[in-house]
Structure formats: C-alpha cells, structure tokens
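In listed order, ligands and their atoms are each counted from 1. Computation of the quantities below employed the complete heavy-atom set of this structure, encompassing side-chain atoms and omitting hydrogens, waters and symmetry-equivalent molecules. Just so it is clear, the model here is predicted, and its values are computed rather than measured.
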Amino acid sequence: MSRIVIVSNRTPGKGPAAGGLAVALRKVLADREGFWFGWSGKLTDQPSTEARIEDIDGLEVAQIDLTRDDHHAYYAGFSNSILWPSFHLRLDLATIESHWYEGYRRVNAQFAKALAPLLKPDDIVWVHDYHLIPLARELRNLGAKNRIGFYLHIPFPTADALYAIPHHEELMRDLSRYDLVGFQARRDVAAFTEFAEHQAPSTFGGHKAKAIDFSGTAVEAFPIGSDPEAFAKLSVSPAATKMIHRMHRALGDQRLVLGVDRLDYSKGLPQRVEAYEKLLANNSRLRRQVHMLQVAPPSRDTIKEYQETSDTLDAICGRVMGQFAEPDWQPLTYVKRAYGQPSLAGLYRLARVCLVTPLRDGMNLVAHEFIGAQDPEDPGVLILSRFAGAAEIFPEALLVNPFDTDETAEALRIALDMPLDERRDRWRALMDAAMAHNVDDWAVEFLDGLAPDAMAETRPSRDMLYLASVA
Ligand code: ADQ
C-alpha cells in the first residue's frame with residue numbers, strides 16, 4: 001500500500017491539540033504507513049535545507065525550521081492577515097503588505113525542497129490548508145509526479161473577495177497543479193467553480209495562453225467531522241464527571257449556555273454575547289435561571305485584529321456584567337484558556353444550549369463535538385450559524401444569522417424553553433448526521449478520491465467534478 005504523507009503548516013506537538021486539524025489527522029497516520037511534514041515551531045537564523053525526522057508520541061514527523069522574517073511574512077503576514085480574513089469575507093480586516101507574498105512563496109519553496117528528497121514515487125501527498133496553496137506547483141517544479149491532494153479547512157471566498165487578494169491568479173494556478181482539491185461544503189465548491197469557469201477569463205484578460213487549465217484537477221466537498229462516539233464516551237469519563245460536578249456546585253439550578261471557540265474574529269463572539277444580553281433584557285424571568293460560559297483561548301495574538309477582537313469582547317462582557325449582575329448572581333463567565341478534551345466533553349454534556357455562531361466557518365468541529373457529548377435522555381440544544389459549513393449537515397439545529405443578534409436572542413429563548421421531546425428528536429437526527437460524517441470516513445473518502453487504486457478500502461466511486469480548461 002502507498003505511504004501517506006501529510007503536510008501542514010505545523011507538525012503536531014506533544015499533548016492535547018487546540019485545533020481541529022491535528023486531532024483529525026493523527027488518526028490517519030495511526031492506521032497507515034507514512035509521515036507528517038511541516039514546520040517544527042523553531043525560528044532560526046538560517047532556514048533548514050533538510051528535514052529532521054523524529055518520532056513524536058508514536059508518529060513519524062519530518063520537520064524544518066524557518067527564519068523569523070520568513071515565518072512572519074508567511075504566517076502572520078500573507079496567510080493570516082490576507083488569506084484568512086479574505087477567505088472569511090472580512091476584507092475590512094485584511095492588511096496588505098506586498099513583500100509578504102515573497103515570504104509566503106519562499107517558505108512554500110523551502111517546504112518543497114526539504115520534502116521532495118523524502119518522497120518515494122508512489123507516495124500519496126495530502127497538503128492541508130491555505131498556508132500551503134503553492135506547494136504542489138513547487139514540488140512539481142522539482143520533478144514530483146506523485147498524486148497530490150489539497151484540502152482547504154476554511155471557506156473558499158466569493159469571486160469579489162478573491163479578486164482582493166494580491167496574486168490571486170497565481171494562487172488559482174497553483175491550485176490547478178493538484179490532482180484533487182477538497183472543500184468543506186458545497187457552497188465552497190460552488191464558489192470555486194464559479195470563479196474557475198466564469199470569472200477567470202476576464203481576470204486574466206481573456207488571453208488563451210494565460211488561461212488556467214483545471215482539467216486535471218478534481219474538485220469536491222468532503223465535509224470534515226469529529227468522532228462523536230469518542231466524545232460520547234469522553235463525556236462520562238471521570239475527568240468530564242469531575243468538571244460536571246464542579247459546574248453543578250457553581251450553577252445550582254441555573255441552565256448553562258455554552259460557547260467554546262478559539263478567540264478569532266470569524267467566530268462571532270461579540271455578536272454572541274450581545275445576543276445573550278438581549279435575551280436577558282427581553283426576558284427578565286430568565287435572569288438567575290441561566291448562566292453563559294464562554295471559553296475562548298487566545299490565538300494568533302500577535303496580530304492586531306485579534307487583540308482588538310479580544311478587547312471588544314472584554315468590553316461587551318464587562319457591559320453585560322455591569323448591567324445584569326447582582327451581588328449574588330453573575331450572568332456570565334468568560335474564560336480565556338484551553339481545556340483538555342475530557343473537560344470540554346463535560347461542559348458540552350452539562351450545557352442546555354451550545355452557541356456555535358461563527359460569522360463564517362469552514363466546518364466548525366465544536367458543533368460536532370457538542371452533539372457527540374449529549375446525554376440521549378436529556379440532550380441540550382445546538383444553535384448554529386447558517387454560515388458555518390456545519391449548517392449543511394445539521395439542519396435540525398436552530399439555524400441563525402449570527403449578524404442578527406435579535407434572531408439569535410430569540411433562538412436562545414426557544415432553546416431554553418424547548419420541551420424534552422423536541423430536544424430528543426432534534427438531537428437524535430443531529431447525532432445520526434454527526435455519525436454519518438465522522439472524521440475517519442472523511443479521511444478515507446478524501447484519500448479514496450485522491451488515489452482510488454492505492455487504498456485498501458474499496459468504496460463505490462464518487463461523482464467528482466472536473467473543471468474544463470477556462471480557455
Ligand atoms: P478552527 O477555526 O480551529 O478550525 P473548529 O472547527 O471549531 O475551528 O475547531 C476547534 C477545535 O479546537 C475543536 O476541536 C475544539 O474542541 C478545540 N477547542 C476550541 N476551544 C477550545 C478550548 N477552549 N480548549 C480546548 N480546545 C478547544 C479550522 C476551521 C474550521 C474547521 C476546522 C477543521 O476554521 O472551520 O472546522 O479547521 O477542518
């Protein structure tokens with residue numbers, strides 16, 4: 001069987017991971033031969049030309065170091081100050097410095113140079129996320145003929161937002177060098193296809209010679225999932241039970257409204273707290289009956305827009321406290337730290353309502369994890385943003401427009417008043433959908449799509465979309 005080579009910006013470290021990617025992909029390499037390639041997390045004066053190969057918690061990992069300047073331009077710069085906000089349709093939060101693109105390409109070329117010598121001819125290479133769009137082209141320039149697939153964990157932008165990205169034409173050309181490009185949701189496939197089929201010729205001046213040939217690139221939605229059954233088990237583990245007891249002592253009879261997110265402007269945290277504020281303002285009977293817990297560990301906090309989101313959230317939480325807190329009652333708790341999965345599972349299980357209200361999200365694994373952790377006899381209610389990829393999978397959640405805080409406040413009231421029978425019915429349908437989209441199947445389906453003959457599993461072939469050349 002061919003080896004699988006997973007490539008992502010960061011290689012997984014020891015201990016619990018705060019991102020969805022690491023959790024999902026460790027499992028792929030636990031079952032198959034292969035290795036994980038990426039940045040070590042170390043910044044050095046000289047970039048490494050060769051990868052260091054190590055065993056990390058039983059996983060074979062090949063890592064390179066980057067220089068501080070290259071890393072800044074590639075990661076905080078082009079990837080997270082241009083691509084991330086633009087792909088999430090937040091052009092207002094994008095900062096464009098033209099030299100970042102050179103750093104982005106330099107790091108991708110460095111990845112390719114260190115990875116190419118490690119590849120065997122029949123290795124299957126699976127590249128992850130927006131940091132590494134150019135990698136296939138760089139590998140092909142070095143002679144790699146392997147099957148190479150790309151998976152985008154975040155949403156694909158609409159054509160207008162794509163146009164706002166410097167060098168978008170070249171980035172689209174890079175994508176055409178992959179054998180398979182996978183997206184989270186059908187809406188992403190539609191946005192990509194729209195650009196590739198209709199927008200590209202005008203962007204590129206209609207010159208046939210410059211048109212991008214996508215005829216060798218399959219494009220499909222592979223919605224990622226979690227492991228809901230593992231979360232079900234975790235939610236009754238001793239660590240989860242300890243967390244539940246601890247919370248019970250603090251909450252008494254109050255019902256818990258929970259939010260769990262990385263602190264990121266795409267997650268809609270200020271809007272969410274504002275919706276909770278409106279719930280308390282419009283429904284005085286619910287005061288002292290509910291408590292909101294928002295868990296949001298900081299991420300990318302060297303980037304100004306992330307610090308500003310953090311400040312905004314501090315201010316809104318302070319305002320809600322000032323308006324509604326009593327000497328003997330707190331309306332909300334805001335915790336800026338990460339928890340291990342067992343503690344999170346306990347919080348999910350205890351919550352009467354989980355607010356998953358990103359302004360835009362590739363998938364959103366918190367929604368999947370919350371569903372997995374529910375007590376089937378007394379499940380909580382999921383309030384989910386229409387703009388999360390998860391909304392395509394979970395129509396039985398209470399779907400809201402997160403920009404409309406009145407609507408979210410009303411959904412909160414409905415969720416808190418929802419009778420047990422309806423909670424059970426909705427949860428059963430959500431759990432079936434979560435199980436049908438579990439992370440193991442996601443990985444197998446992507447790899448089947450990338451290299452059907454190389455996989456041990458034989459699955460019915462899927463209808464994949466091949467885009468014609470845009471000439
Ligand atoms: P993220 O933007 O990180 O991922 P998400 O899918 O919600 O978003 O995954 C977050 C992960 O981090 C979850 O597994 C969650 O348990 C964990 N996490 C969040 N807060 C935590 C906390 N306080 N303590 C511990 N763990 C915490 C990107 C895309 C998403 C896409 C995933 C996977 O932005 O749209 O779903 O990749 O493809």
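Judged by distance alone, with hydrogens and angles left aside, the side-chain atoms of Trp427 form no donor-acceptor pair with the main-chain N or O of Pro376 at under 3.5 Å. Distance alone, capped at 3.5 Å, places no donor-acceptor pair between the Thr408 side chain and the Thr405 backbone. Asn146 places no side-chain N or O within 3.5 Å of a backbone atom of Ile124 that could act as its donor or acceptor partner. When atom types are taken as modelled, the side chain of Gln294 and the backbone of Leu269 share no donor-acceptor pair closer than 3.5 angstrom.
Residue Ile224 has no nitrogen or oxygen atom sitting less than 3.5 Å from a nitrogen or oxygen atom of ligand 1, judged on distance alone. For ligand 1, the polar-atom distance check finds an N/O of Met363 within less than 3.5 Å of one of the ligand's N/O atoms. At least one N or O atom of Asn364 sits closer than 3.5 Å to an N or O atom of ligand 1. Note: an N/O pair closer than 3.5 Å links Gly362 and ligand 1 by distance alone. By the 3.5 Å distance cut-off applied to N or O atoms, Tyr339 is counted among the residues near ligand 1. Below 3.5 Å of separation, one finds no N or O of Gln341 facing any N or O of ligand 1.
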Passes salt bridge (Lys or Arg N to Asp or Glu O under 4.0 Å), Arg105 versus Asp174? Steps please.
CA-CA 11 Å; Arg105 289 218 82 91; Asp174 290 333; 3.0 Å; yes

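At a heavy-atom distance under 4.0 Å, only side-chain atoms of Trp84, from C-beta outward, approach ligand 1. Residue contacts with ligand 1 for Leu344 involve side-chain atoms from C-beta outward but no N, CA, C or O (heavy atoms, distance under 4.0 Å).
Arg173 has no carboxylate O lying under 4.0 Å from a charged side-chain N of Glu170, or vice versa, which leaves the two without a salt bridge.
Residue Leu365 holds the heavy atom nearest to atom 6 (O) of ligand 1 of all those in Ile154, Val366, Leu365. Between atom 19 (C) of ligand 1 and the options Leu152, Val260, Leu25, Val295, the minimum heavy-atom separation is to Val260. One option in Lys267, Gln184, Glu369 has a heavy atom closer to atom 1 (P) of ligand 1 than any other, and that option is Lys267.
Those atoms of ligand 1 that come under 4.0 Å of a heavy atom in Pro297, given as number and element, are 22 (C), 23 (N). Listed by number with element, the atoms of ligand 1 under 4.0 angstrom from any heavy atom of Arg262 are 1 (P), 2 (O), 3 (O). Near Asp261, meaning under 4.0 Å from any of its heavy atoms, are these atoms of ligand 1: 20 (N). Listed by number with element, the atoms of ligand 1 under 4.0 angstrom from any heavy atom of Arg337 are 23 (N). Close approach of ligand 1 to His153 is summarised as follows: ligand atoms under 4.0 Å from at least one heavy atom of the residue are 29 (C), 30 (C), 31 (C), 33 (C), 35 (O), 37 (O), 38 (O).
Among Trp39, Tyr130, Tyr75, Tyr74, the one residue that satisfies the side-chain hydrogen bond (donor to acceptor under 3.5 Å, both in side chains) test with Asn9 is Tyr74. The side-chain contact (heavy atoms from CB on, under 4.5 Å) test with Leu293 singles out one residue from Val257, Leu332, Leu256, and that residue is Leu256.
In Lys336, the NZ atom is crowded: over 12 heavy atoms of neighbouring residues, nucleotides or ligands sit closer than 6.0 Å.
Tyr276 does not carry Arg272 over the face of its six-membered ring by the limits of under 6.0 Å from the centre and within 45° of the normal.
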